[in-house]
Amino acid sequence: MPEFDTELLAPDEGGLARAAAIWRAGGLVALPTETVYGLAADARQGRAVARIFASKERPRFNPLIVHLPGAAAARQLAEWPRDAARLADAFWPGPLTLVLPLRPGHGLSPLVTADLPTVALRVPAHDVARAALHAFGGPLAAPSANPSGRISPTTAAHVLAGLGGRIEAVIDGGPCPVGVESTIVSLAGDPALLRPGGVPAEAVEAALGRPLAPPEAAAPDRPGAPGQLASHYAPRAGVRLDATERRPGEVLLGFGAIAGDLTLSASGDLAEAAANLFGHLHALDARGQPIAVAPVPETGLGRAINDRLRRAAAPRP
Ligand code: TXA
Ligand code: MG
């Protein structure tokens, strides 16, 4: 039974004021960011954050990213090593999340960080997300606005299809321009890449002036970012990677010279491919047939695209 008649809010002053009122009251509103739609709640209200986990059916050990209006707000919540300043100067606002040691008195619900001594912080570049953060005036915890393990949403329609009836509202800001989630870099120890994403790892390394360590370096006891589950972004039907042709019964997601039923980018442009990735997966998944996927190069944004595709193709739990 749907619990809510999920409101579709316009990205204007009235819609943002409504969203802010819902957040203050401890409710859930999905909002557009440049990467994917996020399912946001007040990061200081434990009950509101608990509802994020419940509505997505997300495992509790998987911490959330806190969205902020700027670096000044980040410095209040977390320690701010020189590398943080370097990366924030280079990439904020934008699709880069920094994992940093929490500062005492941060005021965040411990559910946000899954009780870790670190917190993931991000300053989104999307005009509507920025306006929403200003209208609300506080930190918003927001994972991608999809049921846990399913394909991430890049339109308000994707959010409604997955979470309609379970959340109070969605702000409709149109399709997300980047299309894959933020790059996550841990600065809690030596800089480490926890998740490839919208900022190419090569660009982060150039700004740092040194290479990023693999995820194991950040948390030897817990490989990868917590919650980076092998099976994720999963369409209902199976996914077969590195396909150069369609086998009987399959639909083909093309790239470059390999044209498919839908094609990520006919010209081989990785930014265009990232922007199309989840929308095309949603559309092909609706056909109910197994999805074959053409190879995508493992450079720049291709690393994020291939990371999501490998998780989509991984055996399901
Ligand atoms: O682009 C994005 O980052 C989107 C939009 C909505 O901002 N958000 C997003 O959130 O992708 P989510 O929940 O799907 O992914 C957050 C990931 C978690 O899987 C977890 O691995 C990592 O961030 N994370 C959060 N806090 C962490 C921490 N303290 N240490 C290490 N990893 C953390
Ligand atoms: Mg997600």
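Numbering of ligands and ligand atoms starts at 1, following listing order.
Considering backbone and side-chain atoms alike, R122 places an N or O below 3.5 Å from some N or O of ligand 1. Any N or O atom pair closer than 3.5 Å counts here, and T33 shares no such pair with ligand 1. At least one N/O-N/O distance between T118 and ligand 1 falls below 3.5 Å. Geometrically, ligand 1 and T97 share no nitrogen or oxygen pair separated by less than 3.5 Å. At a 3.5 angstrom cut-off on N or O pairs, S182 counts as close to ligand 1.
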**Asked** Where do Q45 and R51 land on the side-chain contact (heavy atoms from CB on, under 4.5 Å) test, with the steps shown first?
**Response** CA-CA 10 Å; Q45 295 189 46; R51 278 198 49 216; over 6 Å; no

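With a 4.0 Å cut-off on non-hydrogen atoms, R58 touches ligand 1 through its side chain and not its backbone.
Every atom of ligand 1 is numbered from 1 in the order shown, and the set under 4.0 Å from a heavy atom of A120 is 25 (C), 26 (N), 27 (C). Remark: ligand 1 atoms within the under-4.0 Å shell around heavy atoms of A142 are 6 (C), 8 (N), 10 (O). Residue L194 has at least one heavy-atom neighbour below 4.0 Å for each of these atoms of ligand 1: 31 (C), 32 (N). Numbered from 1 in the order shown, with element, the atoms of ligand 1 that lie under 4.0 Å from a heavy atom of I184 read 17 (C), 22 (C), 23 (O). Close contacts of ligand 1 with G38, meaning ligand atoms under 4.0 Å from a residue heavy atom, involve 6 (C). Here is the list of ligand 1 atoms found below 4.0 Å of a heavy atom in H67: 5 (C), 6 (C), 7 (O).
Of the candidates P95, P63, P153, P32, the one placing a heavy atom closest to atom 27 (C) of ligand 1 is P63.
Heavy-atom contacts from other residues, nucleotides or ligands closer than 6.0 Å to CD of E57 number 12 or fewer. More than 12 non-hydrogen atoms from other residues, nucleotides or ligands lie less than 6.0 angstrom from CZ of R287. Counting non-hydrogen atoms of other residues, nucleotides and ligands closer than 6.0 Å to CZ of R236 gives a total of 12 or fewer.
The closest approach between a heavy atom of T113 and any atom of ligand 1 is not below 4.0 Å. For the pair E34 and ligand 1, no heavy-atom separation below 4.0 Å is found.
Residues R122 and T35 bring a donor and an acceptor atom of their side chains to less than 3.5 Å of each other.
Checking S152 against the Mg ion (ligand 2), every N/O/S atom stays at or beyond the 2.8 Å cut-off.
The backbone N or O of I167 lies less than 3.5 Å from a partner atom in the side chain of T6, making a donor-acceptor pair. A donor-acceptor distance shorter than 3.5 angstrom exists from the side chain of T183 to the backbone of G198, with no hydrogens or angles considered.
Residues satisfying the salt bridge (charged side-chain N to carboxylate O under 4.0 Å, His left out) test with E272, not counting sequence neighbours, are none.
The side chain to side chain contact (heavy atoms under 4.5 Å, CB included) with D261 is formed by just one residue from the set R246, Q289, H280; it is R246.
Note on ring orientation: taking the six-membered ring where Trp is involved, the planes of W92 and W80 are tilted (angle from 30° to 60°).
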